[in-house]
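A short write-up of the structure that comes next.
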Amino acid sequence: MLIVAGVAGLIVAMSLMIVRAVLGPSHYDRILAANSFGTKTVLLIALMGYLFGRPAFLDIALVYALINFVTTIALMKFFRYRSLARPLAVAGGEDGADG
Amino acid sequence: MTAPVLEASFALNVALLLMLVVLAAAVVWTRSLLAAILLMSVYSLVSATWLMVMDAPDVAFTEAVVGAGISTIVALGAILLTRGEAVRVSWKRQVVPGLLAGLVGGLLIYAMSGLPDFGDPASPANSHVGRAYLETAKRDIGAPNVVTAVLGSYRGFDTLGETVVILAACIGVALMLGFGPRATLAPPAGAPGDHHVVLRVTAKMLVPLIILFALYVQFHGDLGAGGGFQAGVIAAVAIILHALVFGLRETTAAIPPQAARAVAALGVVVYAGVGIVCIVNGGGFLDYDHLLTPQIEAMIPAGLLGDPDKPHHWGQYFGILAIELGVLMTVSATMITIFYGFAGRTIDAIAAELRR
């Protein structure tokens, strides 16, 4: 019962994220909505694996967590530098010695 | 499944499908291409979750890594090279395409009434060839995951075709955008305050972990969801993360574009080579039962894996392992080549090309 309540709560939260992602108004709202939507998806899949008795679903939840991270970095880099190719820190700079 | 679980999955279906409709409408409605990309990535997260409710984890895996991951990044690279707004078209030019789309949509909805119910055991998909696969896969192939057995062995020829299609996509994108960086990629002087130490340390730790996870998905494909396609994309995501954080120049120094495209072609060679070895040993193309000669098979200790009394399918086992390796090589190298193509073609490079 608690699991079902958790799934229902997540669905409500995801619907709210979709409202923010669709309405905007700025792109940052959308990025934030998409990112936390990914987190909610990870939780939903983990709960669904328990609900349907399929622990293997956790593999897919893990993939989501990893992919969501990389996508968010790509988005932030797009905004900050307008380039996917440049490094985030300059080699040989004050903080580039260990990089 | 018991009744409450079925009810829960019905309610989940309704909620997720409603989200899909709202998101698809918003993607069509919005003028900003960046918003459309973000909404598409949310769309594929929802549709992958919906595929999980349908109990198709292999498909959900692919949708998650390709739809939400790679295609978002590649689309970002694409709008860097074009413009961020869709062109406004007058409504008069939209009438005929709109009518056509409405007509096709109406026909599809009409055709839906003739489909069998979800999970209907008497439907053609479940009663003929699908049931035969479910009944014989364990005996013929020995792989616990029937999806892998069908994909790798029963329909191995189809999967070879899909791998060749991916290689063709690699060649197509590379011919349009170039196989690798066009610009010099010299890093610009860093703006003060751009240290990103946390990001760099996190990325440095995550890249090997993601590759480890890709290998797990690769070799676990026999037993659970996963396989060469998914593992290839996950491995490519690790390389893309490296390029995003440490710069494309560092990544192309580690994995040169020439190596990436060679591996993409080599994967198809590995896959087709397995088939040819089967022919040489007296079987059909991709008939893995003939992959190992009896002399080699006798050298494998029977108790190596599982119950020694049960019949083993070493040919099938090694055949699926080898073709999945070929798929992994082609898919990951293709994704990396496509990313190199988009990320390496900066605006400066295009401007220089136009001036020539």
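Order of the sequence lines sets the chain letters (A, B, ...), proteins ahead of strands, with each chain counted from 1.
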[X] versus chain A, heavy atoms under 4.5 Å apart: side chain, backbone, both or neither?
X	value
T251(B)	neither
T72(B)	side chain
L244(B)	both
L209(B)	neither
A243(B)	backbone

request  = Check the surroundings of atom CZ in F79(A): do more than 12 heavy atoms from other residues, nucleotides or ligands lie under 6.0 Å from it?
outcome  =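 Atom CZ in F79(A) is packed in, count exceeds 12.
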What's the shortest heavy-atom distance between [X] and [Y], and which atoms?
X	Y	result
H27(A)	S32(B)	CE1-OG, 3.1 Å
A64(B)	V63(A)	CB-CG1, 4.4 Å
A34(A)	L38(B)	CB-CD2, 4.0 Å
F213(B)	D59(A)	CZ-O, 3.5 Å

key: Structural part of Y64(A) lying under 4.5 Å from a heavy atom of chain B   =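 Only the side chain of Y64(A) comes within 4.5 Å of chain B.
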key: Contact class of S15(A) relative to chain B, heavy atoms under 4.5 angstrom   =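 Contact with chain B involves both backbone and side-chain atoms of S15(A).
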query = For T41(A), which of L45(B), V46(B), V42(B) qualifies under side chain to side chain contact (heavy atoms under 4.5 Å, CB included)?
reply = L45(B)
key: Separation of L34(B) CG from I31(A) CD1 (nearest 0.5 Å)   = 6.5 Å
Could you list the donor-acceptor pairs under 3.5 angstrom formed between side-chain atoms of residues 2-14 of chain A and any protein atom two or more places apart in sequence or on another chain?
none

